[in-house]
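A short worksheet on the structure shown next.
Note that the structure is a prediction, hence the values are computed from the model and not measured. Just so we're on the same page: letters track the sequence lines, and every chain starts at 1.
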There are 2 protein chains.
Amino acid sequence: MDNQLSTARGHFIQGMSRISNFWGFPRAMGAIYGAIYLSPEPLSLDELVEQVSVTKGAVSTNVRQLERLGMVHKHIQLGSRKDFYIAETDFWKIAKGILREREQSEFDAALNTVSESLDMLDEADDPELAGFYKERMGAMQGFFQTLDSVVSTIMKLENLMSLSALQKFISSSDKS
Amino acid sequence: MDNQLSTARGHFIQGMSRISNFWGFPRAMGAIYGAIYLSPEPLSLDELVEQVSVTKGAVSTNVRQLERLGMVHKHIQLGSRKDFYIAETDFWKIAKGILREREQSEFDAALNTVSESLDMLDEADDPELAGFYKERMGAMQGFFQTLDSVVSTIMKLENLMSLSALQKFISSSDKS
DNA sequence: CATATTGTTTAGTATGAACTAAACGTATTA
DNA sequence: TAATACGTTTAGTTCATACTAAACAATATG
């Protein structure tokens, strides 16, 4: 392949790997997505092994994770029994997938913990301290709930079009 | 202390520790914030050591990190040379702090990597593939830029009041 | 000046997660 | 049926990071 292009691709893939790591995913996962994303043709597992320099096992598990998140799609090539993969290019959709898959579960757990702690305060001996706890925990619970509802509402927006409307709204309501 | 209350507090702190871990911060950091957040009085380093069962060194570094993020504030008690800490209770402000401190830097790096990769495509031999790369990388760059501007605009909103307005707007523009 | 009180720094340790290498299961083909 | 071509699973290794324990620096106090 063209040297210019492969250098650029390497740089890009490296960047994806870094981003992936930053968001708490394995480095290889980002790299693999990057490779698939930059390929005009569906890629097989072996081609990925070659392009990302990672063993088959790692590619296998990472690509499966990518699929679960809706970041890549399996593409069955008739006549071949290999699995091929193509990239999901709708990043908005991807964001939704990740949010749903990952934040939700752990986020709910967090919210529950706070609620549970609040419930434990019910029949406490020290009413003053209990009141203080209630206030604090309640405030945090409220914040999480707000955050949750905002995020989930934003996630309902269908496309980036509505996002620009959102931005306009935000700018217009910004009084600072 | 009241047994009810200390159980509830333990549960809460444990939850904070978990959340902290989820967001990519040390577990102890969340626990420490939780302890400070639930204390009516400013807490000293030694008190924190006792309450979260972590060594002084760890508390020292973690509490400093918390301060950098604007999650706690040093409170100098006249007459004592200990450092006391109180919790920042404006979660909106905290979110801003974290976003600014952390996402921004790493996020910018990510954006730069994509831009750099794009620049490398300029004089490539294979115009067809180069075109494809440009298209893909450009799309990703666009997404990141949009995301960046949305987040940064949202972060300009001063308080949770405007958030509820935001929610109303979102619900009203949701056609799905 | 010696001692105590505080917070920080450092060297070493433990833990968890991601990867490698290789065995494995399963289907396909010769 | 043997051999090949896949993808998956597993056991072990590597690596990063958060922690502990203890030395340390700085300041105050007797």
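With rounding to the nearest 0.5 Å, the separation of CD in A:Glu47 from CD in A:Glu41 is 9.5 Å.
Scanning residues 38-67 of chain A for heavy-atom distances under 4.0 Å to DNA chain C yields A:Ser53, A:Val54, A:Thr55, A:Ala58, A:Asn62. Against DNA chain D, the stretch residues 19-32 of chain B makes heavy-atom approaches under 4.0 Å through B:Pro26, B:Arg27, B:Ala28.
Counting heavy atoms from C-beta on, the side chains of B:Glu88 and B:Leu66 never come closer than 4.5 Å. No side-chain heavy atom of B:Leu129 sits under 4.5 Å from any side-chain heavy atom of A:Arg9. Looking at A:His73 and A:His75, their side chains never come closer than 4.5 Å, going by heavy atoms from C-beta outward. Side-chain atoms of A:Val63 and A:Ile36, non-hydrogen and from C-beta on, do get closer than 4.5 Å to each other. Counting heavy atoms from C-beta outward, B:Phe12 and A:Val114 have side chains that approach closer than 4.5 Å.
B:Tyr37 carries A:Arg136 over the face of its six-membered ring, with the cationic atom under 6.0 Å from the centre and within 45° of the normal.
A distance-only check finds a donor-acceptor pair linking the side chain of A:Thr146 to the backbone of A:Gly142 [under 3.5 Å]. A distance-only check finds no donor-acceptor pair linking the side chain of B:Thr113 to the backbone of A:Gly15 [under 3.5 Å].
In this structure, the CD atom of A:Gln77 is 17 Å from the P atom of C:dT28, given to the nearest Å.
Put simply, chain B comes within 4.0 Å of DNA chain D, heavy atom to any atom, from D:dA18 to D:dA28, going 5' to 3'.
Centroid-to-centroid, the aromatic rings of A:Phe107 and A:Phe144 come within less than 6.0 Å.
Applying the 3.5 Å distance criterion, the base of C:dT5 shares a donor-acceptor pair with the side chain of B:Arg81.
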